[in-house]
Amino acid sequence: MSGGQQVNLMQLPLPQLDVLKNQVEQELEFFSTSISQLRIGQTKLSEASESVSKLREDSKGNEILVPLTSSLYVPGKLTDVNKVLIEIGTGYYVEKSVKDAEDYYKRKIEFVSKQTEKLTGLLQDKAKLKQTVVEVMQIKIQAQIQAQQQQAGAVKS
């Protein structure tokens, strides 16, 4: 089904529908987690962009906390407010001018935002598919119950 072919859900037996429902639930969980991670990343990029945009010539000499690790900071002083080191991924850093850094963060934020929108659309499609599968399963279960009741009624007569 992920290959793009369409299948009439009413033709699938209940066990296959159950497998499909479980698969769609796993995909929903994956997309939800991915969207959450993208939003966290977008927030970090926005915070970094905001910090870079606050650098001005009159900030020179100000005391700051310099991160050595994610939980360890040391005191420092701003000596050059025209250039910054930005992380571009997997522990790699690049020196950029403040304007170039702002442009970089703007592009990254836009990219992450577009990816989040795409995943949100996929998440909504998968949620609709799950709902449809559940409805078909309920119809089939109801049909089975009615068939059993009719058989039981026929046996009694």
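The shown structure was predicted, so the numbers you read here are calculated from the model rather than taken from an experiment. Note that these values count all heavy atoms, side chains included, but never hydrogens, waters or copies made by symmetry.
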> So do the side chains of Ile145 and Ile141 get within less than 4.5 Å of each other, counting heavy atoms only?
Replying inline: yes
> Which atom names give the shortest non-hydrogen contact between Val112 and Leu45, and what distance separates them?
Replying inline: CG2-CD1, 4.0 Å
> With a 4.5 Å limit on heavy-atom distance, are the side chains of Arg56 and Val81 in contact?
Replying inline: no
> Taking the side chain from Ser34 and the backbone from Phe30, do they hold a donor-acceptor pair closer than 3.5 Å?
Replying inline: yes
> Atom CD in Gln142, atom CD in Gln144: separation rounded to 0.5 Å?
Replying inline: 10.5 Å
> Do Lys21 and Glu25 sit within salt-bridge range, that is, some charged N less than 4.0 Å from a carboxylate O?
Replying inline: yes
> Can you name the closest pair of heavy atoms from Asn82 and Glu57 and give their distance?
Replying inline: OD1-OE1, 3.7 Å
> Atom CG in Leu9, atom CG in Leu129: separation rounded to 0.5 Å?
Replying inline: 7.0 Å
> Heavy atoms, side chains only, cut-off 4.5 Å: are Glu47 and Thr43 in contact?
Replying inline: yes
Using a 3.5 Å cut-off and no angle test, enumerate the donor-acceptor pairs between side-chain atoms of residues 85-99 and protein atoms at least two apart in sequence or in another chain.
{"residue": "Glu87", "atom": "OE2", "partner": "Gly91", "partner atom": "N", "Å": "3.3"}
{"residue": "Ser97", "atom": "OG", "partner": "Asp100", "partner atom": "N", "Å": "3.1"}
{"residue": "Ser97", "atom": "OG", "partner": "Asp100", "partner atom": "OD2", "Å": "3.3"}
{"residue": "Lys99", "atom": "NZ", "partner": "Asp103", "partner atom": "OD2", "Å": "3.4"}

>> I need the minimum non-hydrogen distance between Val133 and Leu17, along with the two atoms involved.
In response: CG1-O, 3.6 Å
> Val66 and Gly76: which non-hydrogen atoms are nearest, and at how many Å?
Replying inline: CG2-CA, 4.2 Å
> Is there a donor-acceptor pair under 3.5 Å between the side chain of Ser36 and the backbone N or O of Ser32?
Replying inline: yes
>> Tell me whether Met10 shares a hydrophobic cluster with Leu14, the cluster being built from Ile, Leu, Val, Met, Phe, Trp, Tyr side chains joined at under 4.5 Å.
In response: yes
>> Under 3.5 Å, is there a donor on one side chain and an acceptor on the other for Gln131 and Glu135?
In response: yes
> Of the non-hydrogen atoms in Ala101 and Val84, which two are nearest, and what is the gap between them?
Replying inline: CB-CG2, 3.6 Å
> Between atom OG of Ser46 and atom OH of Tyr105, what is the distance when rounded to the nearest 0.5 Å?
Replying inline: 11.0 Å
> Are Lys54 and Glu50 within salt-bridge range, i.e. N to O under 4.0 Å?
Replying inline: yes
> Should Leu20 and Val7 be regarded as members of a common hydrophobic cluster, given that ILVMFWY residues are connected when their side-chain heavy atoms come within less than 4.5 Å of each other, either directly or indirectly?
Replying inline: yes
> Hey, does Val136 have a side-chain heavy atom less than 4.5 Å from the side chain of Leu12?
Replying inline: no
> With side chains defined as the heavy atoms from C-beta onward, is the minimum distance between Gln37 and Thr33 less than 4.5 Å?
Replying inline: yes
> Do Leu122 and Glu27 come within less than 4.5 Å of each other through their side chains, counting heavy atoms only?
Replying inline: no
> Between CG of Asp18 and CD of Gln23, what distance do you get to the nearest 0.5 Å?
Replying inline: 12.0 Å
> Are Val52 and Ile64 connected in a single hydrophobic cluster, I mean Ile/Leu/Val/Met/Phe/Trp/Tyr linked by side-chain heavy atoms less than 4.5 Å apart?
Replying inline: yes
> Roughly how far apart are Lys130 NZ and Asn22 CG, rounded to 0.5 Å?
Replying inline: 9.5 Å
> Could you state the interatomic distance from CG (Asn62) to OG1 (Thr79), rounded to the nearest 0.5 Å?
Replying inline: 11.5 Å
> What are the two closest non-hydrogen atoms of Ser59 and Leu78, and how far apart are they?
Replying inline: O-CD1, 3.6 Å
